[in-house]
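Data first, discussion second: the structure below is written as structure tokens.
Sequence lines set the chain letters: A, B, ... in the order given, protein chains first and strands last, and positions in each chain run from 1.
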Number of protein chains: 2
Amino acid sequence: MTTIPISPSAMGDPAGDLSECCGPTPGAPKLQSESATVLATKFKALGDANRLMLLATIASGESAEACVCDLTGPLNLGQPTVSHHLKILVDAGFLTREKRGTWSYYSVVPGALSALCADLCSESVLGDLMRTPDPAERNA
Amino acid sequence: MTTIPISPSAMGDPAGDLSECCGPTPGAPKLQSESATVLATKFKALGDANRLMLLATIASGESAEACVCDLTGPLNLGQPTVSHHLKILVDAGFLTREKRGTWSYYSVVPGALSALCADLCSESVLGDLMRTPDPAERNA
DNA sequence: CTTCTACATTGACATACGTCGATGTAGTAA
DNA sequence: TTACTACATCGACGTATGTCAATGTAGAAG
């Protein structure tokens, strides 16, 4: 690796007066990269229109469960593709799989999405993004 | 295109007794693909650890704004990469850009994330996934 | 046993994504 | 003007992602 980060606070600026760009100097990111990776994985699982429709379709059932053959038709996707997306949603914690006989029934994990929102609210500084229901509050 | 969807309800099953797989028959997905695409775009913008840390870093400033040179150092990313991620976050509606002099100051859009969660709650059937105690008292 | 069904997994492909170096574009300062 | 700074954009590269045809696996029915 020959990547040398720019490191603005370590550049020997010839004149100390014009380097006023960085004022408060946030420094190291408050959100640890480990937590960010976990969060990003969940968001990435939701970052596909077909997966969102899979979630919606499964949740639309009265028992909030569906097998694969229920999902290939409405989404107009092949069976391997649906299985792939379902696996991603299961790995992300949004769905659970239960085999009954020959069929695999997928059901939604009740608090998964709200927990994700709660994580977004509580994850250190990102919580500041969540308050202020209307954009007319923070004058400070 | 030679893709022929399996169409479970249209398969001529030789015996009508073992095709009990599809019970409630969710049918067409309740979440329209248009809304799903918009939602997926926003989730996709959040589906990267570096972009989440960019959001957190910007929000950590007392004025909730930062210029690019503030962000290349802490995230250990090149300046073009940071600009690219910031553009994605701006396009998704999570950040705004304001040019003051030579610098571009990025600030968070106050209600963007909570609006995304609200969309998740209200988007047709996906709201059933959210009915857990905490974060929103969304009355009808 | 064999055969069928429902689903998972594999392999392959095209596309999208993340990253960086190089270059372009404003703005500031002399 | 020239020179420098902060940032955006372009081009390229490697990798990840979405999709499907083909194949594998496990249960049910005969």
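Taking every heavy atom of both residues into account, B/Ala49 and A/Ala40 meet most closely at N-CB, 3.4 Å. Annotation for A/Cys67 and A/Tyr105: closest pair N-CD2, 4.3 Å, computed over non-hydrogen atoms. Listed here is the closest heavy atom pair of A/Gly47 and B/Lys44: O-CE, 3.0 Å. Considering every non-hydrogen atom in both A/Phe94 and A/Ala45, the closest pair reads CE1-CB, 4.1 Å.
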Sequence neighbours excluded and cut-off under 3.5 Å, please list the side-chain donor-acceptor pairs for residues 95-102 of chain A, or say none.
{"residue": "A/Thr96", "atom": "OG1", "partner": "A/Ser107", "partner atom": "O", "Å": "3.3"}
{"residue": "A/Thr96", "atom": "OG1", "partner": "A/Ser107", "partner atom": "OG", "Å": "3.2"}
{"residue": "A/Glu98", "atom": "OE1", "partner": "A/Arg100", "partner atom": "NH1", "Å": "3.2"}
{"residue": "A/Glu98", "atom": "OE2", "partner": "A/Arg100", "partner atom": "NH1", "Å": "3.4"}
{"residue": "A/Arg100", "atom": "NH2", "partner": "A/Glu65", "partner atom": "OE2", "Å": "3.0"}

Side-chain donor-acceptor distances from residues 82-92 of chain B under 3.5 Å, at least two apart:
{"residue": "B/Ser83", "atom": "OG", "partner": "B/Gln79", "partner atom": "O", "Å": "3.4"}
{"residue": "B/Ser83", "atom": "OG", "partner": "B/Gln79", "partner atom": "NE2", "Å": "3.4"}
{"residue": "B/His85", "atom": "ND1", "partner": "B/Arg51", "partner atom": "NH1", "Å": "3.1"}

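Looking at B/Ile58 and B/Leu71, their side chains come closer than 4.5 Å, going by heavy atoms from C-beta outward. Counting only heavy atoms from C-beta outward, the side chains of A/Leu113 and A/Leu46 approach each other to under 4.5 Å. The closest side-chain heavy-atom distance from A/Leu52 to B/Thr37 is not below 4.5 Å.
Partner B/Leu75 forms a side-chain contact (heavy atoms from CB on, under 4.5 Å) with one of B/Leu54, B/Thr81, B/Asp70 and no other, that one being B/Leu54.
Atom-to-atom, CH2 of B/Trp103 to C1' of C/dT25 comes out at 17 Å; the value is rounded to the nearest Å. Spacing between atom CG of B/Leu71 and atom C1' of D/dA8 amounts to 15 Å, rounded to whole angstrom units.
Contacts of residues 41-48 of chain A with DNA chain D (heavy atom under 4.0 Å): A/Lys44, A/Asp48. At a non-hydrogen distance threshold of 4.0 Å, A/His84, A/His85, A/Ile88 from residues 83-93 of chain A come into contact with DNA chain D.
For the OP1/OP2 pair of D/dA8 and a distance below 4.0 Å, the side-chain nitrogens and oxygens of B/Tyr106 include at least one atom meeting the criterion. The phosphate of D/dA6 has neither OP1 nor OP2 within less than 4.0 Å of any side-chain N or O from B/Arg100.
Heavy atoms of A/Thr81 sit under 4.0 angstrom from at least one base atom.
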Grab the N/O contacts between the protein and nucleotides 26-28 of chain C below 3.5 Å, and write none if there aren't any.
none

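When distances run from any side-chain atom of B/Arg97 to the nucleotides D/dA6, D/dG18, D/dA8, the shortest one goes to D/dA8.
B/Ser104 meets the side chain to side chain donor-acceptor pair (under 3.5 Å) test with no other residue; sequence neighbours excluded.
The base of D/dA6 is not paired with the side chain of B/Gln79 by any donor and acceptor separated by under 3.5 Å.
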